[in-house]
Number of protein chains: 2
Amino acid sequence: MGNKYYRIDEVANKTGLTKRAIRYYEDLNLISPQRTESAYRLYTDEDIEKILRIISLKESLAFSLAEIKNALELDSEVKKILSTETADLATLKNYIEMIRRQINLIEEKINKLRASQEKFENLLSQLNSLEDKVEKEDV
Amino acid sequence: MGNKYYRIDEVANKTGLTKRAIRYYEDLNLISPQRTESAYRLYTDEDIEKILRIISLKESLAFSLAEIKNALELDSEVKKILSTETADLATLKNYIEMIRRQINLIEEKINKLRASQEKFENLLSQLNSLEDKVEKEDV
DNA sequence: CTCTTGATTAACATTAACGTCAAGGTTAAT
DNA sequence: ATTAACCTTGACGTTAATGTTAATCAAGAG
């Protein structure tokens, strides 16, 4: 299985990226799909896997200055409420919800980073084994 | 203490940002330093703290597509070596070092995210206490 | 008082990561 | 064979986050 080829529109749907973004990634040599005789791009399941991995790495970043501003504002608004204790229940519940969202957002980024970190840790231990092996052979 | 004022050049040195970036952050209303009569910007220690926090949040992101490309290339090179077992000791040590760096880089990002997450979790628990209090008062 | 160093605003330039046409081939169905 | 629905490569536009340069004003040293 897995010998199927997908055209760019299908890949866009599967990944959530736009066709433009997918082509752009190819410009950057992040992916190199095959081509038909008439130059149509053909993507394999592995290509799609790679794209999903790129997306995951990309999404683990995404803190623009605008988002930072929001976070800091939320922070200072809450601090003000806490120090003055001037807020009705509805407002409080509102802020609690916003803070929860911030925490979850950060958590998701952390999870994606952890996933990518684990992959590298896995490679590292395999490389270390290989190193041991080569060292002994070299004696 | 802490009543000292810093001019923009000092702040640039203390934070590692350029003066241009610092002014840009002000354009975005991320910071609002005082001014002298002649419009010189005057920063307090709190302003500097805030800038450092912004930097930390910003750095916890920072995975450009170029960096992603490097990471994926490193990954596939290492996988190739592992599958063919064709590499001398020096090369191996080299790759081990590069992987270590990747892992550390990701670790640092995670740490910064965790720090910011903890701050929000702290606010959350304080808000929850306040909520309890308000609910009881309202009976 | 002048000279050097540093600050200010304004404005145009640049890079990354796409969005958005435009002009023209391809494929598949009718 | 034609048409709708894709695909291709330009090429110019856009936003965020600065870099760079220019013209001008301020401050402190000698």
Side-chain angles (χ1 to χ4, degrees), chain A residues 4-44 47-48 50-73 105 109 112, chain B residues 4-44 47-48 50-73 105 109 112:
Chain A
K4 207 199 156 191
Y5 285 111
Y6 307 88
R7 282 185 312 179
I8 195 165
D9 207 28
E10 244 178 311
V11 178
N13 284 330
K14 278 177 189 287
T15 60
L17 292 181
T18 63
K19 294 190 270 187
R20 179 64 173 91
I22 297 174
R23 292 194 188 103
Y24 179 63
Y25 290 177
E26 185 175 347
D27 283 351
L28 299 183
N29 287 315
L30 280 164
I31 39 178
S32 318
Q34 293 180 233
R35 301 294 191 114
T36 66
E37 276 187 12
S38 54
Y40 276 34
R41 290 174 175 79
L42 294 179
Y43 298 85
T44 65
D47 287 327
I48 292 179
K50 190 158 183 183
I51 290 175
L52 291 177
R53 207 169 156 195
I54 293 168
I55 292 174
S56 169
L57 277 166
K58 243 185 78 66
E59 284 181 347
S60 64
L61 60 93
F63 260 145
S64 67
L65 287 175
E67 290 172 306
I68 291 175
K69 189 190 171 194
N70 287 337
L72 293 183
E73 277 172 1
L105 199 151
K109 288 176 199 289
K112 285 176 182 168
Chain B
K4 207 200 158 191
Y5 286 110
Y6 307 90
R7 283 183 311 177
I8 195 163
D9 208 29
E10 242 180 312
V11 177
N13 285 332
K14 278 176 187 286
T15 61
L17 293 180
T18 63
K19 295 190 269 187
R20 178 68 173 89
I22 297 174
R23 293 194 187 103
Y24 179 62
Y25 291 178
E26 186 175 345
D27 282 351
L28 299 184
N29 287 312
L30 281 163
I31 39 178
S32 318
Q34 293 181 233
R35 301 294 190 111
T36 66
E37 275 186 17
S38 54
Y40 276 36
R41 290 174 177 79
L42 293 180
Y43 299 85
T44 64
D47 287 328
I48 292 179
K50 189 158 185 185
I51 291 175
L52 291 176
R53 209 169 154 193
I54 293 168
I55 293 174
S56 169
L57 277 167
K58 245 183 77 69
E59 282 181 348
S60 66
L61 60 94
F63 259 144
S64 68
L65 287 175
E67 288 172 308
I68 291 176
K69 189 189 171 194
N70 287 338
L72 292 182
E73 277 173 1
L105 199 150
K109 288 177 200 289
K112 286 177 182 168

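A note on names: the letters A, B, ... follow the listed sequences, proteins ahead of strands, and every chain is numbered from 1.
Distance, B:Lys69 NZ to C:dA17 C1': 15 Å, rounded to whole Å. Rounded to an integer number of Å, the gap from B:Ile22 CD1 to D:dA17 C1' is 14 Å. For A:Glu26 and C:dC18, the CD to C1' distance is 15 Å, given to the nearest whole Å. Whole-Å rounding puts the A:Lys19 NZ to D:dC6 C1' distance at 7 Å. Atom CD1 of B:Ile51 and atom C1' of D:dT18 are 15 Å apart (whole Å). When rounded to the nearest whole Å, the span between CG of B:Leu30 and P of D:dT18 equals 10 Å. Across the protein-nucleic acid pair, A:Leu28 atom CG and C:dT15 atom P stand 14 Å apart, rounded to whole Å.
Looking only at side-chain heavy atoms (C-beta outward), B:Arg7 and B:Val11 stay at 4.5 Å or farther from each other. Put simply, the side chain of B:Arg53 reaches to within 4.5 Å of the side chain of A:Leu72, judged on heavy atoms. Residues A:Leu30 and A:Ile51 are not in side-chain contact: their nearest non-hydrogen atoms beyond the backbone lie 4.5 Å or more apart.
Minimum heavy-atom separation, B:Ala21 to B:Leu17: CB-CB, 4.4 Å. Closest heavy-atom contact between A:Asp47 and A:Leu42: OD2-O, 4.0 Å. Between A:Ile22 and A:Ile31, the shortest heavy-atom distance links the atoms O-CD1, 3.8 Å.
Salt-bridge check for B:Glu10 with B:Lys19: failed, with every basic side-chain N at 4.0 Å or more from each acidic carboxylate O. Using a 4.0 Å cut-off between charged side-chain N and carboxylate O, B:Glu26 and B:Arg20 make no salt bridge.
OP1 or OP2 of D:dT18 sits under 4.0 Å from a side-chain N or O of B:Lys58. OP1 and OP2 of C:dG19 both lie 4.0 Å or more from every side-chain N or O belonging to A:Tyr24. For A:Thr18 and C:dC18, the shortest distance from a side-chain N or O to OP1 or OP2 is not below 4.0 Å. The side chain of A:Tyr25 places an N or O atom within less than 4.0 Å of a non-bridging phosphate oxygen (OP1 or OP2) of C:dC18.
Residues from residues 6-13 of chain B with heavy atoms under 4.0 angstrom of DNA chain C, sorted by number: B:Ile8, B:Asp9. A heavy-atom distance below 4.0 Å to DNA chain C is reached by these residues of residues 33-43 of chain B, ordered by number: B:Arg35, B:Ala39, B:Tyr40, B:Arg41.
A search for side chain to side chain donor-acceptor pair (under 3.5 Å) contacts involving A:Tyr5 returns A:Gln34, not counting sequence neighbours.
Under 3.5 Å, the side chain of A:Arg20 and the base of C:dT20 form at least one donor-acceptor pair of N or O atoms.
Comparing D:dT8, D:dA17, C:dC18 against the side chain of A:Arg23 picks out D:dT8 as the nearest.
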